[in-house]
Amino acid sequence: MTQKPLSRRDVLQGLLLSLGGLAACGEGMPSGKIKATQAASGDALRFYTESEMSLLTQIADALIPATETPGAVAVQVPGYLDAMMADWASTKTQATHREWIAAIGRELNSIAGSDFVRLDQDSQVSAVAALDEAAFGERAQELANYRELKQMITDIYYVSEPGAVQELGWVPVPGRWDGCAPLEESGHVAVR
Amino acid sequence: MGMQDFDAIVIGSGMSGGWSAKELSERGLKVLVLERGRDIDPAKDYVDMLAPWQRPNLDRISEDEIEAHYFLTGHVASYARQNSNKHFWVRDDEHPYETPPGKPYDWGRGYHLGGRSLTWSRRVFRLGPQDFEANKLDGHGVDWPVRYNDISPWYDHVERFAGVSGSKENLPQLPDGVFQPPFELTCAESEFKQRVEKAFPGRKVIPSRVAHITEPTQEQLELGRGRCQVRNHCHKGCSFGAYFSSNAATLPAARRTGNCTIVSNAIVEAIDVDPATGRASGVRVVDKVTNERRTYSARVIFLNASAIASAAILLNSSSEQFPNGLANRSGQVGRNLMDHVSGARAYGVLDEFPDRGTFGRTPGGIYIPRYGNITENDKPYLRGFGYQGRALRRNPAGGRPGIGPAYKEANRALGPWIVDIYAFGEVLPYADNRITLHANKTDRWGAPLPVIDCEMKDNEMLMMREASKDALAMLEEAGCKNIVATANELQTVTVPGNRIHEMGTARMGRDPDTSVLNGWCQAHDVPNLFITDGSFMASSACQNPSLTYMAFSARAANHAADLLQQGVL
């Protein structure tokens, strides 16, 4: 347990190493991690290589960072996705997914002009932002794989407890129906 | 091994079988229910209490499993099945069936106690007087041997017990019933209703009618059922027993009489008939797990295995007396297979009420009752269709550009109100839409595979084309924007079976030469055999059929009990 304040990067590294266990940095660690993952038990990676996991984690953190609610990394989106690719995906889907990750890594390196995973955090965010803009803009067709990955990360984040409850207002047992409720009472309609 | 310890045997524990069991048991009969699937234990099998974060893999069934087990019907009712509740749906490799090339059939079902009463979408609408007269009027199929007034008291009876939420609308084509309070329309649905009814005076937009408890009766509370908690976890099983299922309602009622025995994993192969009496004398069963074979006998048999399965059992029960299958002198067993037809849809944005949303996840929504050939005539199609629909504000997390805190912020925002309506149309009875038994292929228990030969024909296609146009027109008149409509696309209709409303395979009628059952669901040829699942339907109407199966089952069961008491059976 370090004494100096942890940089954001340190937190991410710590989370990567512990892979599902609570990272050893004490107070402020968010709860409500997605429980039902193999990675949550602290097991080793089941699909991704270390470097793929590193890349994925940094992308997920840029996409959905901690704000007043936990971000994608804190709720273990990468670990969930690792287990999902191991358990849900067919061999074919695994191979395609692997190609996506590699292609996205190359894109980010190209945008950054250097090794994306070694950049400081602000530079990483800029690179992902540029990729995102291109993927929804003039390079939409060729960057469909980025949008797919982004959607997977998003879908997983919003089934976590912070995502579903804190961000989207999902209520487990509403107990009543109001078809014309004030906006501040309205929650997510279609969390499955 | 013969066991005549029972007055009645009920084959199947689903939507209609549960009612047969309850009514017969409550009349004091000793009843045996034979369910081909496994027992259901709510504590273990219901998964409605799982939170979204407690379901791995986004609750998707693994791709390898889909390829191994759900390659044929995995897409059917995809809205109702995920990984956590896949055990409520059959595996195609365990329960195969055949179809002719180029004529697919979507046979979506589950084999377990309660059947599809556990996984249905709970829409309940009465048939109207026009539906019982339809065959006589246009000559398709055979005349129903009953009329609406014969069934109306039984609709009352089943609605009261089941718990139906709905509003009184005073529409002749969609009679009101015994209702608990409706799920109110959303603000956008109310606005849509006003605008459509103004632009199209012959059309109504009403709260949907659903088999959900909103104001429990004493009887429902005593059965351990409670008020709907508005979660939309219904397809996972309901720990509150708030929607109607055999599991929550009719089977507990049957059990508490002390007269009902339920045996699961009991696959019925055939029904034997005694040539001397012409009566059904035994039900032959093979145990799903042990493959042991047993025969049970009773004074009266209720066949409630669902339309295709019941027809298959009859066709597999040939004898010298019935060379073409039990109770099949008419040749109609397996024929006239109907479903409903869908395919027409329109959805679009209603740009109102930006500061309003919804609380809770209602099973309700809207229904547009049939107006075709009712209040609007000179239609190019026969019969008609209704629409189910919703107007909700979706919250589509993702699917947008942007990253970081701004992305999270944008994902919080509710989308606009989106009106979405889709048609359910009546399918005519066609003699060549039928099931037969495969000459040599069997399943692992030795039952011949059903061969389902069925297609939608001209009236169904035409109906959906018109319904597409009407849907677009209603959304346009209501001021919706960015409308996506099947009227603007290549027209397709749903594959037969896809609506999971299969029926008609042992139709009732006035003439034993052209029908299998009389108005009491009693086989013309075999007086102690009653069929009260969807098989009996002489026409399909466009309303969701389960409520009608319930009413006819209750009526037939009480009639059978009368006949037993009178010594007729």
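Computation of the quantities below employed the complete heavy-atom set of this structure, encompassing side-chain atoms and omitting hydrogens, waters and symmetry-equivalent molecules. Convention: sequence-line order gives letters A, B, ...; per-chain numbering from 1.
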Next item on the list: Show your reasoning for whether side chain to side chain contact (heavy atoms under 4.5 Å, CB included) applies to V171(A) and R231(B).
Entry: CA-CA 8 Å; V171(A) 177; R231(B) 302 175 296 159; over 6 Å; no

Next item on the list: Take V165(A) and W53(B) through the test side chain to side chain contact (heavy atoms under 4.5 Å, CB included) and record every step on the way to the result.
Entry: CA-CA 10 Å; V165(A) 174; W53(B) 49 91; 3.6 Å; yes

Checklist line | side chain to side chain contact (heavy atoms under 4.5 Å, CB included) between L58(B) and M84(A), worked out | finding: CA-CA 8 Å; L58(B) 294 172; M84(A) 186 166 167; 3.8 Å; yes

Next item on the list: Go through the steps to decide whether E65(B) and W88(A) satisfy the test side chain to side chain contact (heavy atoms under 4.5 Å, CB included), and finish with yes or no.
Entry: CA-CA 9 Å; E65(B) 269 187 83; W88(A) 163 78; over 6 Å; no

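S90(A) places no side-chain N or O within donor-acceptor distance of the main-chain N or O of D64(B), the cut-off being under 3.5 Å. In this structure, Q229(B) contributes its side chain and V173(A) its backbone to no donor-acceptor pair below 3.5 Å.
The CD1 atom of I403(B) sits 9.0 Å away from the CG atom of L131(A) when rounded to the nearest 0.5 Å. The line from CZ of R176(A) to OG1 of T362(B) is 13.0 Å long, rounded to the nearest 0.5 Å. Of the inter-residue distances, the one linking K408(B) atom NZ with Q166(A) atom CD reads 8.5 Å to the nearest 0.5 angstrom. Distance check: R400(B) CZ to T154(A) OG1 gives 9.5 Å after rounding to the nearest 0.5 Å. Here the straight-line distance linking atom OH of Y157(A) with atom OH of Y407(B) works out to 11.5 Å at 0.5 Å rounding. One distance of note links OG1 of T67(A) with CD of E409(B); it measures 8.5 Å at 0.5 Å rounding.
In this structure, chain A has no heavy atom under 4.5 Å from any part of I66(B). Proximity to chain B involves both the backbone and the side chain of E167(A), based on heavy atoms less than 4.5 angstrom apart. Of the atoms belonging to P182(A), heavy atoms from both backbone and side chain fall under 4.5 Å from chain B. Interface remark: D132(A) contributes side-chain atoms only to the contact with chain B (heavy atom separation under 4.5 Å). For N83(B), no part lies near chain A; criterion is any non-hydrogen pair under 4.5 Å.
Chosen from K150(A), E184(A), M85(A), the residue pairing most often with chain B at heavy-atom distances under 4.5 Å is K150(A). Looking only at heavy-atom pairs under 4.5 Å with chain B, the residue among V128(A), L63(A), L81(A) that has the most is L63(A).
Side chains of L414(B) and S186(A) form a contact here, defined as non-hydrogen atoms less than 4.5 Å apart.
The environment of Q151(A) atom CD is dense: over 12 non-hydrogen atoms of other residues, nucleotides or ligands sit within 6.0 angstrom.
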